Structure formats: structure tokens, C-alpha cells
Peer 1: 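What follows is a structure written as C-alpha cells; I'll ask about it next.
In what follows, chains are A, B, ... by sequence order, proteins preceding strands, each numbered from 1. These numbers were taken from a predicted model, which means no experiment stands behind them.
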There are 2 protein chains.
Amino acid sequence: MPRTAPSPKSAEPAPRAKARRPRAEPGDVFDFQSNALGYQLRLAQLRAFDLFFEMLAPLDLSPARVTALSLIAMSPGTNQAALAKALNVAGPSALKLVDGLESAGWIRRVEVEGDRRRYSLQLTEQGQARLAQLREKLAEYEARLTTGLSAVERQQLMDLLGRLAR
Amino acid sequence: MPRTAPSPKSAEPAPRAKARRPRAEPGDVFDFQSNALGYQLRLAQLRAFDLFFEMLAPLDLSPARVTALSLIAMSPGTNQAALAKALNVAGPSALKLVDGLESAGWIRRVEVEGDRRRYSLQLTEQGQARLAQLREKLAEYEARLTTGLSAVERQQLMDLLGRLAR
DNA sequence: TATTGTTATACTCTATAACTATA
DNA sequence: TATAGTTATAGAGTATAACAATA
């Protein structure tokens, strides 16, 4: 992604008559990035994802899986339909998240007595045991993501983002 | 996506012995979202994308296409290889962006005399004419995205995001 | 040999529609 | 009839590998 201009060109000599092509510079009327919040958001998101996968891929986790795992940990016994609704994704998407968490050993599907249509989603013993490690990793991730920001600035950023997503 | 807790439960009576399941609440040790900047970033990004497509789909544009279009408008005559490098995407991805912009009537591939391998990417007359409209739409998009933020807060957010993506 | 653009292919994430088995 | 979970399928986005034409 083009983050910034290659270099300031203000010190360059003016173009000589027709010797140069009309090549616009960042900051001109066709520069739809430099002052675009949507674009900055996209770049920040890309950086956050890169860092996330770098740090958490060894645990077989993606951002979406962590969210799903967190919901299951907070509401043990929940089912896929409730999970899909809470995550605001379609049924098959929730199913894949559950499949992923299950094959990575984090959770298990348990039959529900009284309703043979649904599964109760529960942490495995291994998953339970690994939650502490995950919490540490996530704290480390957040720390690295906000390297260079003070605690106050980090909170400011959270607040401003929250007011955006409202 | 689960944005906030359903409601504060602090006013509830304490659980009676074994009458309740151990159901954790947001803010507890398994809540990996509430205080996670990465998560807030994801939500804000989702909101930004939704709004973008709502407002700019009629122009056959996606965020990536706008970035590509902007680069072409700022560097008329550039080619796909240069575009791919500037966008930090693989060749076939740049090709699809160019295909999309071309079939939407924004740009055209022009043969380059002296090097029959490459195309010169240029705005069409129609594309040229629609740039002003696009600029307006993007300004309106930014305004709607930051509804509720002051100009100072918007700039703060840009700066903080920039320091994140560094 | 290297470069430009292209095609073929694959993988991920997302969605909808249709199916099954249960309720 | 409605619900829970699943399968099949499709589309957007990304990537790599292999290829043709040209330099």
C-alpha cells in the first residue's frame, strides 16, 4: 500500500514548458488517500491483522475465532445458532468457526439431552488450560500494536473508534 | 457483532448456591473484546466498509478501486506492474482492479509505442468527467463516517491511526 | 534472461438456498 | 411449521505458478 509520498518535491525546478507530463503529486485534487480517514483505517486494520496472525497463528486462532472462543468461554453451553447471532454472521460461517475451534482442540460439541437437534458448545480441558496463555498472548499483541502510544492515547483511540462504529 | 454488554447486571441478586450455571459476564477474564483495540479497529473498519459500499457502489467502486483510480489519476500513463507495486498487491490482483475500472468506464488501456508488452493506463473522457462527482461523494462519505466527531477529533484519530500503521 | 501481462488454480471469508433431523 | 445444524454452491478477495509475447 502507498503509505506516504515518495519524497517532497517542492525543491524541484519548475517544469520547462511542455517538457514534462502533467503528473499530479500527493495532496492534489486526485489524491483520495492522504486525508482520508477510511483509508487510514484500512491501513491500520491491515497492520493489526498482520501482527495478529504473526503472533497468534501458532495457536490456530484468527481474530474471528478469538471472538467466537471468547463468547463460548463467557457463555458455556451456548449453541451455534446463538453464536451466529451474537457474531452477526450466517449459520454456515458460525459452523466453520466452530469446526476450526474444535479441530484445534479448543472446544467440543456436546449432545444436549432433551433436544437432539442442537449441540452444547463447551471448552475442552485443554482449551480451558490454554486460555491463560491466550490471555497473555493477546495482552502482548495489544502492547505491540500500540507501541509508541501512551495509555491515554490508546484510550483516546479506543473512544474515537467506538464513536465511529457506533 | 457483539458491541456491548446486553445490560449491566450489578443490580442482580447473587447466585443461590448451585442454582446457576457459572456464566461469565462481559468484563470478566474471558472477555477478549471489551478492552481490545484490535477488536474496536475491526468494528470501525466494518462500519466504514458498509458505509462505503452503500454510498459508492452506484459508481462501481470499492475502496481498493478508488485507491487504484487515484493512483492512475495522479500518474497518468502508469502501467499495471507499477500499479501492483504501488498498491502492494500481486500482479493478477492489479489486473482485476484494472479490469473492473475499465469495464466500469473509468479508465482505458492504451498501447505504448516502443514497448508492445505494456499498456498505458489512462482515464477515459467519461472517467475524467466523473472525477469531480467522485470527489464530492468521497467528501460526503468522510463526513458521514465522522458524524459526531469534531474536526480536531477527526485529525486526532487520523494521527493515532497513522502511528499504529507505521 | 528479464519484464509485462495473462491464465489457471487455489485458499479464505462471506453469503444464500436447499436439505436432514428433530421439535 | 419452525428450528438447529449441515451441505452445496457462489462470489469477492487474496495469493502462487506457469505461460506467451516482447524486450
Peer 1: Under 4.0 Å: is that the gap between some side-chain N or O of Arg109(B) and OP1 or OP2 of dT6(C)?
Peer 2: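 The answer is yes; a side-chain N or O of Arg109(B) sits under 4.0 Å from OP1 or OP2.
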
Peer 1: With rounding to the nearest 0.5 Å, note down the distance linking CZ in Arg144(A) to CE in Met55(A).
Peer 2: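 Reported to 0.5 Å precision, the distance equals 5.0 Å.
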
Peer 1: For Leu121(A) and dA4(D), give me the distance from atom CG to atom C1', rounded to whole Å.
Peer 2: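 After rounding, the reported distance stands at 11 Å.
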
Peer 1: Separation of Leu83(B) atom CG from dT6(C) atom P, in whole Å?
Peer 2: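 So the CG-P distance, Leu83(B) to dT6(C), works out to 12 Å.
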
Peer 1: Which whole-number value in Å describes the distance from Lys85(A) NZ to dG5(D) P?
Peer 2: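 From Lys85(A) NZ to dG5(D) P: 14 Å.
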
Peer 1: Take atom CD of Glu111(B) and atom P of dA21(D), then tell me their distance rounded to the nearest Å.
Peer 2: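 Nearest whole value for this atom pair: 15 Å.
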
Peer 1: In whole Å, what is the span from the CG atom of Leu46(B) to the C1' atom of dC13(C)?
Peer 2: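 Between C1' of dC13(C) and CG of Leu46(B): 12 Å.
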
Peer 1: Distance check, rounded to the nearest 0.5 Å: Leu37(B) atom CG versus Leu164(B) atom CG?
Peer 2: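 Atom-to-atom, Leu37(B):CG and Leu164(B):CG are 5.5 Å apart.
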
Peer 1: As a test of reading the structure: which of dA4(D), dG5(C), dT7(D) is closest to the side chain of Ala81(A), going by heavy atoms?
Peer 2: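 Output: dA4(D).
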
Peer 1: Examine the side chains of Thr67(A) and Arg42(B) and answer whether a donor and an acceptor come within less than 3.5 Å of each other.
Peer 2: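 Present: a donor and an acceptor within the cut-off.
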
Peer 1: Taking all non-hydrogen atoms of both residues into account, name the closest pair between Tyr141(A) and Gly38(B) and its distance.
Peer 2: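 Answer, listing the atom of Tyr141(A) first, then Gly38(B): OH-CA, 4.1 Å.
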
Peer 1: Are any protein N/O atoms closer than 3.5 Å to N/O atoms in nucleotides 21-23 of chain C? If there are, list each pair with its distance.
Peer 2:
unit_1	atom_1	unit_2	atom_2	d
dT22(C)	OP2	Arg116(A)	NH2	3.1
dA23(C)	OP1	Arg116(A)	N	2.8

Peer 1: Side chains of Gln80(B) and Arg118(B) only: does a donor on one sit below 3.5 Å from an acceptor on the other?
Peer 2: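 On atom types as modelled, these side chains do not qualify, holding no pair under 3.5 Å.
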
Peer 1: Just the table, please: protein N/O against nucleotides 15-18 of chain D N/O, every pair under 3.5 Å.
Peer 2:
unit_1	atom_1	unit_2	atom_2	d
dA15(D)	OP2	Ala90(B)	N	3.2
dA15(D)	OP2	Ser93(B)	OG	3.2

Peer 1: Within a strict 4.5 Å, meaning less than it, do heavy atoms of the Thr124(B) and Trp106(B) side chains meet?
Peer 2: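 Heavy-atom side-chain distance check fails, nothing below 4.5 Å.
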
Peer 1: Are the charged groups of Arg109(B) and Glu102(B) less than 4.0 angstrom apart, N to O?
Peer 2: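 Judged by the 4.0 Å cut-off on N to carboxylate O distance, Arg109(B) and Glu102(B) do form a salt bridge.
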
Peer 1: Round to a whole Å and report the spacing from CZ of Phe49(B) to C1' of dC13(C).
Peer 2: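 The distance from CZ of Phe49(B) to C1' of dC13(C) comes to 13 Å, rounded to the nearest Å.
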
Peer 1: Does any part of the side chain of Leu131(A), heavy atoms only, come nearer than 4.5 Å to the side chain of Leu69(A), both counted from C-beta?
Peer 2: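 In contact.
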
Peer 1: Counting only side-chain N and O atoms of Gln80(B), is one of them less than 4.0 Å from OP1 or OP2 of dT3(C)?
Peer 2: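 For Gln80(B), the contact criterion (side-chain N or O under 4.0 Å from OP1 or OP2 of dT3(C)) is not met.
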
Peer 1: Please state how far atom CG in Leu95(A) lies from atom P in dT3(D), giving the value in whole angstrom units.
Peer 2: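 Rounded to whole Å, this separation is 19 Å.
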
Peer 1: To the nearest Å, give me how far apart OH (Tyr119(B)) and P (dA23(D)) are.
Peer 2: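 Between P of dA23(D) and OH of Tyr119(B): 12 Å.
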
Peer 1: Ignoring hydrogens and geometry beyond distance, is a side-chain donor-acceptor pair present between Glu111(A) and Ser120(A) at under 3.5 Å?
Peer 2: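 The criterion, which ignores hydrogens and geometry beyond distance, is not satisfied for Ser120(A) and Glu111(A).
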
